[in-house]
Amino acid sequence: PQSKYIGIDVSEESVNVAKEHHEKNGEFYVYDGKTINFDENTFDTVFMACVMHHIPLDYRENTISECLRVLKEDGKLIIFEHNPLNPVTMKVVNTCPFDDDAILVRVRDLKKILKKHNVKMKVRYTIFLPRKGIFKHLLFLEKILFPIPLGGQYYVVIEKC
């Protein structure tokens, strides 16, 4: 209840929608795509959910650097992305109008960028099975399968040192 949520987006329209529909502890700002308009060491956590694949290749390194800049020491940057090694994910992304501009991000490419920073990271793959029907009873297996790079999505938890 005491937490504060701050969201940024390059889309002014999306920011306006978020302002209209979010609870009182949320603030939303338009982002210029280059500089996150907050001081260094501002946030405990920075969370990016399915954002990186929409960022042009030549802006990705800067985006991660900016996220780390505004992150407090011992803070966490969590990047959640579609897994380009999963054929079902690729089919979904290739047929989704929202993903017309998408260039999916491999874990190795994120690691390459993150090696330039003083961080610790762990990778977890997820969504190996459908969430409903007969598979619902097998979801416990995902806790075992997380190191296998075939899940439909993955997340990287990055700790700033």
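In this chain, numbering begins with 1 at the start of the sequence shown. Values reported hereafter were calculated over all heavy atoms of this structure, with side chains retained and with hydrogens, waters and symmetry mates removed.
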Are side-chain N/O atoms of [X] and [Y] paired as donor and acceptor at under 3.5 Å?
X	Y	result
Asp101	His53	no
Tyr155	Gln153	no
Lys160	Asn41	yes

Please indicate whether [X] has more than 12 foreign heavy atoms, meaning atoms of other residues, nucleotides or ligands, lying under 6.0 Å from its [atom1].
X	atom1	result
Asp74	CG	no
Phe38	CZ	yes
Glu13	CD	no
Asn62	CG	yes
Ile134	CD1	no

[atom1]-[atom2] distance between [X] and [Y], expressed to the nearest 0.5 angstrom:
X	Y	atom1	atom2	value
Ser14	Lys19	OG	NZ	12.0 Å
Glu81	Cys50	CD	SG	5.5 Å
Arg69	Glu40	CZ	CD	6.0 Å
Met121	Ile78	CE	CD1	14.5 Å
Glu73	Cys161	CD	SG	8.5 Å

Pairwise side-chain contact, [X] with [Y], heavy-atom cut-off 4.5 Å (strictly under):
X	Y	answer
Leu77	Phe43	no
Arg60	Ile64	no
Leu139	Leu129	yes
Leu110	Met52	yes
Thr126	Phe146	no
Val15	Tyr29	no
Leu141	Phe128	no
Ile158	Ile79	yes

Closest non-hydrogen atom pair, [X] against [Y]:
X	Y	result
Ser3	Asn25	O-ND2, 3.3 Å
Leu71	Asp44	CD1-O, 3.6 Å
Val46	Val70	CG2-CG2, 4.3 Å
Met90	Leu104	SD-CD1, 3.3 Å
Pro84	Arg106	CG-CG, 3.7 Å
Leu114	Val119	O-CG2, 3.6 Å

Side chain Asp9, main chain Val30, donor-acceptor under 3.5 Å: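 Judged by distance alone, no pair lies under 3.5 Å.
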Side-chain (Asp99) to main-chain (Ala102) donor-acceptor, under 3.5 angstrom: no
Residue pair Ile113, Asp109: steps toward the side chain to side chain contact (heavy atoms under 4.5 Å, CB included) verdict: CA-CA 7 Å; Ile113 294 170; Asp109 295 331; 5.8 Å; no
Salt-bridge criterion met for Glu61 and Lys116 (N-O under 4.0 Å):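 Salt bridge present between Glu61 and Lys116.
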Pair Arg131 + Glu142, salt bridge at N-O below 4.0 Å: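 Judged by the 4.0 Å cut-off on N to carboxylate O distance, Arg131 and Glu142 do form a salt bridge.
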Pairing residues for Glu12 by the salt bridge (Lys or Arg N to Asp or Glu O under 4.0 Å) criterion, not counting sequence neighbours: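 Checked Glu12 against salt bridge (Lys or Arg N to Asp or Glu O under 4.0 Å); zero matches.
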Ring centers of Tyr5, Phe28 separated by less than 6.0 Å: yes
Other cluster members, Phe98 - Ile/Leu/Val/Met/Phe/Trp/Tyr, side-chain contacts below 4.5 Å: none
